[in-house]
Amino acid sequence: MNVGIFTPEIVMVITLIVILGVKYLAKNQFTVGLTAVVGLITAGVSLAYLTDDLGMIWGHSFVVDSYSIFFKALLIGVAVVVSVISFKYVEEKKIKPGEFYSLLVASTLGMLVMVSSYSLVSIYIGLELMSISAYILIGMLQEDKRSTEAALKYLLIGALTSALLLFGVSLLYGVTGTTNLIQIAEVVSSGQGALTATAASMTPLLMMGVVFVLAGFGFKVAAVPFHMWAPDTYEGAPTSITAFLITGSEAAAFAALLRVFNVGLSELAETWSLLIAILALLSMTLGNIGALTQTNVKRMMAYSAIAQAGYVLVGVAVATQSGIFPVLYYLLAYAFMTLGCFAVIILLSNNFDSEELDDFRGLSEKAPMFAAAMTLFFLSLVGIPPTGGFLGKFFIFKAAIGSNYLWLALAMAINSVISLPYYYGVVKNMYLESPTNNMKLTIPSELKFVVGFSAIAILGLGIIPEKFINLIQLAANFVF
Amino acid sequence: MVEYAWLIPVLPLFSFLIIVLFGRYLKNDSDKIGIGSLFISFLLAIGVLLEVINGSTITKEFVWATHGDIEIAFGYSVDALTAMMFVVVTFVSLMVHVYSKGYMEGDSRYKRFYACLSLFTASMLGLVIANNLLLLFICWELVGLCSYLLIGHWFEDIENVLAANKAFLTTRVGDIGMLIGVIMIFAMGKTFNFAELTHLVEHGEIAGVGLTVATIFLFVGAIGKSAQFPLHVWLPDAMAGPTPVSALIHAATMVVAGVYLVARMFLIFAAAKTTLTVVAFIGGFTAIFAASIALVEEDIKGVLAYSTISQLGYMVLALGVGAYTAGVFHLMTHAFFKALLFLASGSVIHAVHTQNMHKMGGLLKKMKVTGWTWIIGSAALAGVPPFSGFWSKDEILLGAYHSDYKILFWIGVIAAFFTAFYITRATIMTFFGEPRDDHAYEHAHESPSVMTIPLILLAILAFGSGFVNSPLTDMAFGKFIALEHGHHASPSSFVQMTAVGATLSGIILGWLIYGLRIISRKSIIKFLYPVWRLLKGKYFIDEIYNVVAIRGSLALSKLIGAFDKYVVDGIVNLTGRLGVFIGDLIGDFDNKVVDGAVNGVRNTFYVGSRLIRNAHTGYLQSYALTLFFSVLIGLIIIVIGG
């Protein structure tokens with residue numbers, strides 16, 4: 001067994017332990033956060049040395065390939081940014097730093113396991129590690145009842161859907177006699193199941209398994225109708241954790257979803273493709289309409305995230321190689337624009353101690369660069385050139401049309417229009433309204449860095465996409 | 001008929017589901033569902049028994065899961081042992097169901113009570129129909145659950161809750177042992193099926209130390225369930241439950257599950273001589289140990305509880321010495337007479353509202369049916385010829401006499417003497433002599449016929465069920481139940497004389513002390529004070545467990561806590577000092593930040609949800625409902641579209 005395959009995971013575990021030790025040694029909260037960031041970056045750097053070790057271990061249940069490395073880099077990046085934007089926030093909200101950062105690392109570790117898994121069981125284990133850490137992280141604002149409520153809702157609904165997912169997994173296992181995705185695919189295509197002899201008699205049970213597994217993942221990506229928890233949870237959770245859930249947790253879930261459905265169940269693509277298309281349509285529409293009337297920016301972003309998940313699902317519904325590349329591209333761009341947005345939200349949250357849309361009034365006067373960057377992120381979320389969001393959406397759009405999902409492509413276009421008003425509402429507040437108070441903003445330098453970096457990345461993805469396309473295409477080819 | 005045997009456990013299961021799901025519409029008609037379904041089960045059980053007597057059996061199996069080359073199958077089979085257990089369980093359960101109509105009348109959780117009774121009956125019947133260890137283990141756990149629920153039926157009283165917990169946790173200890181045994185057996189035989197396992201054992205494919213260890217672990221499960229020493233402590237406490245429950249679960253059926261397990265796997269146990277010796281000695285010791293405690297019990301149900309432990313010890317002893325027929329025979333007769341005794345005691349408790357025998361006395365005049373049926377049950381328990389207990393106990397002592405260890409025979413004889421004494425004592429204290437509590441006596445009255453009719457029916461069997469294995473019927477039961485390899489020891493008049501002698505001397509002594517009062521009770525206590533104290537304290541087993549198990553683990557945790565406090569914390573504190581030094585430097589900054597955060601936390605709790613309240617209720621249950629409906633719709637789309 002080649003232990004080197006696990007280098008990033010091992011680094012993460014060490015980081016986790018070190019954080020718990022540092023927590024006692026350092027009274028300064030920045031030190032703890034910094035330890036997390038250093039550990040995460042080390043894990044990220046170690047990814048660069050992985051390419052030589054491509055391979056599978058543990059009976060083909062854990063794999064390192066370009067696909068998983070792409071997602072690992074993305075997820076570690078997200079975790080780094082989330083840690084950085086939490087520095088000040090953790091202090092303001094009196095969150096225990098040791099617990100906060102170690103759980104953040106643990107959750108990220110779960111994601112890394114998920115994206116590297118080739119077996120339903122190890123995917124589930126990763127998913128649970130990610131989720132259980134997240135349950136605690138969400139409830140870390142001890143003085144805020146909303147935080148506790150958010151954590152409880154996420155936990156209970158999460159437990160329910162975990163049960164659904166496991167039930168689906170057990171059905172798939174029951175029919176095929178294996179949890180390994182490749183072997184499942186072999187059994188499904190050959191029709192030689194463990195229990196039944198013919199493909200025809202296998203199909204109904206497999207289909208049921210597909211529905212349950214889809215429900216489990218649907219919950220994680222907050223797709224309608226499994227989204228009910230999302231607004232409450234995203235609103236109540238610590239702001240940086242909301243960003244973490246919307247980007248990291250969602251990306252990891254999509255990574256696993258793509259693997260499960262495209263590798264293990266590709267024979268059944270016709271059916272699950274339709275189901276996912278329905279989820280995509282519902283998510284886009286309900287997410288965007290729901291966002292229109294929100295006054296709390298975190299809640300608005302929650303609905304926006306539901307809608308964005310809908311766009312990504314369109315790419316998944318395409319169900320061929322042509323759909324995977326756009327999904328990866330979009331997830332990358334989406335991570336940058338969301339993290340950028342949340343960095344701005346955290347800035348306001350740190351200063352005003354609330355997250356209302358009204359807080360954005362007059363931001364262009366108080367912090368012109370932040371207001372400009374926020375506008376850019378919103379442009380990207382709506383899908384207007386020259387941003388990464390535009391290209392991502394464009395690729396998905398193209399793939400949908402290319403595989404006879406014209407109606408879904410049209411729905412996407414209409415939805416982009418629906419989404420304009422609520423994004424515009426924020427922009428209007430920033431530029432056209434006068435500030436509600438004359439409080440001067442204190443702007444930590446790390447937030448400047450994150451916002452600036454995200455803005456540059458969004459523009460980069462939009463203006464010089466060739467640099468990224470080849471890399472992502474390579475990763476996308478490896479999904480199988 | 002035998003092909004419908006699977007209906008016997010399924011009917012009570014349906015009854016359980018109906019009561020649970022539609023209980024609110026049924027109100028107090030739940031009892032009718034329970035009694036009705038059980039009555040059909042009982043008739044089926046009789047039919048099955050008749051067919052099995054004529055030689056038909058059935059085995060059905062289906063594959064439940066496949067993993068590699070290992071197949072796990074579920075199935076059932078009906079043979080002589082199962083057919084007999086069916087009749088015993090359905091009959092006693094039916095009697096208890098009917099009796100409870102009177103006993104539990106007006107109870108606030110009447111439906112729940114019947115639901116649990118039904119589930120229990122279904123699980124117990126499932127346990128005896130299972131043809132493999134896995135299904136048996138599942139049912140085994142289910143009956144344990146029902147026992148827990150029913151002991152704690154009146155959970156308003158903390159005592160009952162504690163008793164339920166104790167029963168659950170103590171049997172748990174046994175169950176862990178059993179699970180290890182099940183896994184070991186499976187690891188060696190690659191099957192859970194009894195017939196296949198027996199086959200493997202007979203051909204020596206499972207043998208040696210592995211078999212011995214595995215069977216001992218399985219027997220640990222039996223020790224827990226059948227309340228054998230040293231895991232007997234839960235059964236006396238379990239009497240906190242309603243008396244019909246004590247009769248059904250803690251006397252007649254569930255507690256014999258351990259005995260049944262050994263009987264079911266008898267040929268496998270028989271191949272491990274060491275295990276069998278352990279079984280015999282545990283049983284023998286428990287028989288005399290529990291009987292001695294029953295000598296001084298004041299609580300009428302307490303006497304019966306220790307009596308049950310002791311009688312279970314007899315059954316285990318019988319199996320341990322290889323007297324398979326005797327053990328199973330005693331299981332049957334005991335089920336009838338002990339259920340009878342419990343239900344009769346329930347009738348007494350119902351009348352005088354106390355369980356303390358010192359407050360009873362002279363009740364025979366007021367409660368003719370209860371009194372006389374109790375006396376029949378006592379006679380059967382004591383082993384007075386020709387009551388049923390006489391025949392079965394005689395068989396057990398005969399088996400012990402012919403075994404390698406003569407001491408077991410004498411233990412059995414002394415236990416029989418004790419048995420006769422304590423049940424005579426209980427009978428006289430309850431039903432004869434002068435009333436000792438006038439108030440209770442004044443209000444005592446015979447129970448309604450719904451309670452007395454089950455008593456009469458059980459009394460008939462407590463008297464007559466022994467004849468099926470007597471010379472009068474040419475040992476019909478033994479021939480019916482016997483395993484191929486079973487052997488029947490030749491009768492011995494010495495054994496019979498000794499047994500009857502022990503019984504009669506026990507009864508006479510009891511009568512002398514409590515009936516005629518020729519021998520003073522006080523002077524005996526004075527004379528044997530240390531022994532009396534030891535028995536009164538039930539050998540202080542609970543106290544020993546308290547010190548060793550409970551205090552022991554507490555002490556261990558304290559020790560670990562101290563290590564944590566002094567060693568780990570010491571290191572942390574040392575580093576903490578360093579931190580304080582650094583912290584002082586940036587203290588000012590820290591203070592400002594903390595103060596800033598405290599200021600004005602605006603509660604925005606309601607703001608966000610107000611506008612979209614209609615669509616997004618915030619209620620978790622509606623979220624979950626949405627989720628499930630979505631999955632359902634997804635499934636429908638698949639079914640229609642796919």
Side-chain angles (χ1 to χ4, degrees), chain A residues 24-29 88 91-94 143-146 149 152-153 156-157 160-161 164 174 177 194-195 203-204 207-208 210-212 214-215 218-219 224-226 228-229 231-232 235-236 268 270-272 274-275 278-279 286 290 293-296 298-300 303 352-356, chain B residues 63-68 568 571-573 575-576 578-587 589-590 593-594 596-612 615-639 641-642:
Chain A
Y24 284 110
L25 297 167
K27 210 177 179 199
N28 189 331
Q29 322 218 4
K88 183 92 173 168
E91 217 170 322
E92 291 270 353
K93 300 285 180 184
K94 287 197 243 162
E143 288 174 6
D144 193 340
K145 273 194 288 185
R146 287 181 306 169
E149 186 196 340
L152 202 62
K153 278 185 173 156
L156 291 173
I157 300 289
L160 269 176
T161 42
L164 291 178
L195 280 181
T203 315
M207 286 301 176
M208 280 175 70
V210 166
V211 172
F212 283 106
L214 191 58
F219 161 76
V224 179
F226 310 107
M228 301 291 277
W229 58 277
D232 295 355
E235 185 192 350
L268 306 169
E270 257 179 54
T271 316
W272 59 252
L274 177 69
L275 284 178
I278 294 170
L279 291 190
L286 264 78
T293 55
Q294 301 305 322
T295 57
N296 180 300
K298 271 162 84 179
R299 219 173 156 83
M300 187 198 93
Y303 280 100
F352 301 136
D353 211 6
S354 78
E355 292 112 2
E356 295 306 304
Chain B
V63 176
W64 178 60
T66 314
H67 194 287
V568 178
I571 298 168
V572 173
N573 285 343
T575 49
L578 277 171
V580 170
F581 176 71
I582 302 164
D584 281 344
L585 293 179
I586 53 168
F589 171 76
D590 224 23
V593 173
V594 174
V598 175
N599 288 336
V601 177
R602 211 174 106 204
N603 189 354
T604 50
F605 184 59
Y606 296 106
V607 180
S609 60
R610 197 164 288 151
L611 279 171
I612 53 152
H616 218 97
T617 55
Y619 287 118
L620 202 56
Q621 52 271 48
S622 66
Y623 294 4
L625 199 66
T626 315
L627 212 142
F628 281 121
F629 268 111
S630 309
V631 173
L632 204 64
I633 291 168
L635 288 174
I636 291 169
I637 291 175
I638 287 286
V639 170

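In the text below, chain A, chain B and the rest are named by the order of the sequence lines, each starting its count at 1.
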Looking only at A:Trp272, A:Tyr24, A:Phe226, most heavy-atom pairs under 4.5 Å shared with chain B are made by A:Phe226
Check: A:Met300 and A:Thr295 side chains under 4.5 Å, non-hydrogen atoms: no
Does A:Ile157 reach the side chain of B:Leu627, with side-chain heavy atoms less than 4.5 Å apart? yes
Hey, could you give me the CZ/CD distance between A:Arg299 and A:Gln294, rounded to the nearest 0.5 Å? 5.5 Å
Side chain / backbone / both / neither for A:Leu164 at chain B, heavy atoms under 4.5 Å: side chain
Please state whether the side chain, the backbone, both or neither of A:Phe219 comes within less than 4.5 Å of a heavy atom of chain B. neither
Could you tell me if the side chain of A:Lys93 sits less than 4.5 Å from the side chain of A:Asp353, heavy atoms only? yes
If one checks every heavy atom of A:Leu279 against chain B at 4.5 Å, the contacting part turns out to be neither
So what's closer than 4.5 Å to chain A heavy atoms on B:Phe628: side chain, backbone, both or neither? side chain
Part of A:Leu160 within contact of chain B (heavy atom distance under 4.5 Å): side chain
B:Tyr623 vs A:Asp232, side-chain contact (heavy atoms from CB on, under 4.5 Å): CA-CA, chis, key distance, verdict: CA-CA 11 Å; B:Tyr623 294 4; A:Asp232 295 355; 2.5 Å; yes
